[in-house]
Amino acid sequence: MDAQAIIAKRIARELRSGMLVNLGIGIPTLVANYLPEGVNVFFQSENGLIGTGPIPEEGMGHPTLTDAGGSPVTALPGASTFDSATSFGLIRGGHLDLTVLGGLQVDAQGHLANWMIPGKMVPGMGGAMDLVTGAKRVIIAMQHTAKGKPKILEKCTLPLTSARPVDLVVSEMAVIGFPGGRATLLETAPGVSVDQVLAATEARLATPENVVEMPL
Amino acid sequence: MDAQAIIAKRIARELRSGMLVNLGIGIPTLVANYLPEGVNVFFQSENGLIGTGPIPEEGMGHPTLTDAGGSPVTALPGASTFDSATSFGLIRGGHLDLTVLGGLQVDAQGHLANWMIPGKMVPGMGGAMDLVTGAKRVIIAMQHTAKGKPKILEKCTLPLTSARPVDLVVSEMAVIGFPGGRATLLETAPGVSVDQVLAATEARLATPENVVEMPL
Amino acid sequence: MKTITVQEAASMIPDGASLMVGGFMGVGTPHRLIDELVRQGRRDLIVIANDNAKPGVGIGKLVDAGRVARTIASHIGLNPETQRQMISGQMAVDLVPQGTLIERIRAGGYGLGGILTPTGVGTVVEEGKRKIEIEGKAYLIETALRADFALVHAFLADYTGNLSYALTARNFNPVIAMAADTVIATADNIVPVGLIAPDHVVTPAAIVDYLVANR
Amino acid sequence: MKTITVQEAASMIPDGASLMVGGFMGVGTPHRLIDELVRQGRRDLIVIANDNAKPGVGIGKLVDAGRVARTIASHIGLNPETQRQMISGQMAVDLVPQGTLIERIRAGGYGLGGILTPTGVGTVVEEGKRKIEIEGKAYLIETALRADFALVHAFLADYTGNLSYALTARNFNPVIAMAADTVIATADNIVPVGLIAPDHVVTPAAIVDYLVANR
């Protein structure tokens with residue numbers, strides 16, 4: 001399994017029937033592919049859709065039914081559409097049970113930076129700030145390092161996405177939570193040791209006795 | 001013509017095609033009966049309807065189509081329905097061209113009191129405060145006096161509906177405007193003299209040379 | 001989302017609960033739920049709604065039975081019983097301009113701390129509130145409002161909880177559905193999933209907790 | 001409401017005007033109006049929209065042609081030309097969180113001075129803004145936003161100006177339609193009055209100023 005598949009598959013295990021879930025672009029989108037059997041969630045696209053379905057078969061889409069990246073999607077039975085104010089009301093108002101987003105950096109307190117690299121990449125925050133501030137649970141799906149450098153840092157050097165800490169970081173090496181506001185190693189990927197995770201992480205990680213293997 | 005008919009008929013002359021208009025309960029409701037020929041306005045009911053039509057014929061109404069008093073109405077072709085947040089967005093957001101409301105008191109600066117008599121009548125302000133604060137133009141339809149006592153006072157003694165002055169007061173005796181923030185007699189009803197209006201008014205009324213007869 | 005009986009729905013609501021109730025003079029009110037609350041003897045309720053309808057109708061039935069400890073509403077003028085209980089001190093009544101009330105509820109449901117409105121500036125409504133000036137214009141800071149339960153009534157529901165409303169029976173319903181910890185809906189018609197067009201769903205299934213079955 | 005040609009519609013918009021434009025990555029954008037603005041050479045525009053689409057698409061065409069002096073948007077990451085013009089100083093770009101942007105526009109259209117949102121607290125977004133605490137939680141005061149023109153695209157219109165939208169092409173459209181001095185709409189289909197059910201009208205006719213005729 002490649003890194004992206006490990007991350008997406010592990011996060012998919014966090015989904016429960018009835019949840020309203022928003023998946024960001026990139027690795028987060030892959031989570032939908034690993035939805036456990038019998039689990040039915042509502043996927044929201046923040047451009048105004050609940051009930052987002054798979055990519056349409058060739059010739060079976062419509063230009064007015066797209067995901068937040070503007071790409072064609074389908075809608076499942078029971079889908080609903082709405083304007084952007086309602087869409088972000090769902091996000092900010094505590095209705096969104098879970099958002100899965102990509103990350104550039106996460107710090108030891110769980111703060112996320114994922115929307116800009118000053119002087120280099122200024123795409124705009126889009127919905128990310130509202131998602132991280134408003135969702136009931138925030139999971140970050142990202143590779144553990146970028147070009148060999150740790151992305152989980154003692155302190156983010158990039159501008160923060162929100163003052164609200166994330167709940168979980170899932171990488172291809174580990175699952176990290178923030179109980180009591182402190183980065184804590186919860187799981188290691190199959191074949192990855194605690195020491196390997198610590199070596200690839202700049203933030204000091206609490207390492208409890210019971211670090212388990214990531215269930216996939 | 002009785003007092004109510006004079007008031008309603010005079011106010012109806014202020015309507016122009018394309019206007020979005022909200023009529024309050026009581027005399028204001030009667031204005032719709034005198035809509036000049038060829039004038040098409042959008043009547044709003046603040047409970048969530050644009051395109052309010054006349055009272056339905058016996059057996060031709062529906063319990064889910066009512067006016068702001070809860071009474072059955074009809075809807076004209078091109079009508080639209082919406083929730084209360086949208087309804088008051090239309091009212092507050094500068095979309096409502098005209099509201100016609102009843103009044104308990106209006107003062108020399110045009111301030112309106114129409115929602116409570118402390119210790120006696122506390123019905124609640126309903127939509128009145130939003131209507132007076134938000135409509136582009138506010139016309140008050142009321143009898144000139146109550147039990148012989150003036151209702152147009154130097155200063156309102158009852159709690160105000162809004163800090164925003166009304167634009168016009170139409171009674172069975174007169175039309176009063178507030179150019180430059182000062183109550184000014186603009187028209188007298190047929191058969192009513194300027195002196196009769198002044199005698200029935202507590203507020204000092206500016207009386208220009210050109211007070212005309214109310215066109216009906 | 002679970003489909004339950006009206007008895008089960010009412011029994012989830014404890015004495016003293018705060019309820020947002022849809023409807024405008026009883027139009028669009030979940031009447032069966034109200035009737036059942038009266039029947040089950042629920043009391044000390046806080047009722048947030050546009051109005052108190054009139055005696056014998058909708059919320060008016062809770063008032064008639066003396067079950068409302070406090071109401072937050074924009075208009076009670078057509079319910080003399082509410083006015084009587086207010087004057088006698090039996091019921092607390094907070095009167096709020098209708099546009100402010102619906103925006104406060106919306107803010108509660110949309111994750112906003114509140115809104116800035118010119119409505120009420122220079123009137124008794126501004127008493128005790130923070131005022132703020134923006135580009136020379138004064139606004140009141142009106143804070144968000146939420147409730148324990150939203151009791152909504154729809155025209156169409158499907159079995160996942162999607163709701164759409166009929167004509168002026170929409171009113172407060174879709175707004176309160178966003179602003180409560182638990183959302184209970186009744187509907188004139190409950191249809192299989194997929195029969196309400198996505199564009200015609202007004203309240204998305206994901207926010208409705210319980211749907212009351214029709215007999 | 002007047003029905004006009006796309007040429008007439010574009011010619012009403014002067015150089016330097018502020019435009020709110022519907023659409024999300026070009027989906028639900030009034031493409032014919034944008035194309036005509038480019039053709040007529042309109043310039044120095046202020047464009048308020050969710051995004052700048054991408055080069056060659058929707059708002060991206062105005063950017064390509066160098067006609068946008070300033071954009072207020074939540075995301076420009078898929079338009080490298082906007083990023084290039086931003087870095088070169090040719091275009092000013094104000095980046096606003098998407099939920100904040102749509103609420104600021106809504107506030108402008110709904111007569112609110114602004115809203116209180118937790119989004120952006122503790123980030124660069126709070127710079128220069130007033131903060132307020134309500135029940136111990138911090139909020140930014142985000143002020144209302146309006147424009148000279150709203151350019152909206154609907155799925156159905158009738159000849160009085162009622163509009164309804166299709167699926168995810170709804171997005172910013174009904175919100176911006178409330179927030180501009182002049183509202184110009186295009187529609188995939190224009191139908192006789194009375195054919196859009198009142199419950200399915202999303203933007204009421206009374207707020208639409210001009211409807212662009214289909215050829």
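Below, chain A is the first sequence line, B the second, and so on; all start at residue 1.
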> Side chain, backbone, both or neither: which part of A:Leu96 has a non-hydrogen atom closer than 4.5 Å to chain C?
Replying inline: neither
>> Closer than 4.0 angstrom, basic N to acidic O: yes or no for A:Arg92 and A:Asp130?
In response: yes
>> For C:Phe172 and C:Ile105: C-alpha separation, side-chain torsions, deciding distance, then whether side-chain contact (heavy atoms from CB on, under 4.5 Å) applies.
In response: CA-CA 9 Å; C:Phe172 273 48; C:Ile105 294 170; 4.0 Å; yes
>> I'd like to know if the side chain of A:Ser71 pairs up with that of A:Thr66 as donor and acceptor (distance under 3.5 Å, no hydrogens or angles considered).
In response: no
> Under a 4.5 Å heavy-atom cutoff, which of C:Val202, C:Asn162, C:Asp158 has the most pairs with chain A?
Replying inline: C:Asn162
> Non-hydrogen atoms of chain A under 4.5 Å away: do they reach the side chain of C:Asp199, the backbone, both or neither?
Replying inline: both
>> What I want to check is whether the side chains of C:Ser74 and C:Asn50 have a donor and an acceptor closer together than 3.5 Å.
In response: yes
> Please walk me through it: do C:Val93 and C:Thr82 pass side-chain contact (heavy atoms from CB on, under 4.5 Å)?
Replying inline: CA-CA 8 Å; C:Val93 177; C:Thr82 294; 4.2 Å; yes
> With a 4.5 angstrom heavy-atom cut-off, which part of C:Met178 approaches chain A: side chain, backbone, both or neither?
Replying inline: both
>> Report which part of A:Thr86 has an atom under 4.5 Å of a heavy atom belonging to chain C: side chain, backbone, both, or neither.
In response: both
> Looking at A:Asn40, A:Val41, A:Leu90, which makes the most heavy-atom pairs under 4.5 Å with chain C?
Replying inline: A:Leu90
> Among C:Thr203, C:Asn171, C:Asp188, C:Asn173, whose side-chain hydrogen bond (donor to acceptor under 3.5 Å, both in side chains) with C:Tyr165 holds?
Replying inline: C:Thr203
>> If I measure from the heavy atoms of chain C, does A:Ala79 come under 4.5 Å with its side chain, its backbone, both, or neither?
In response: both
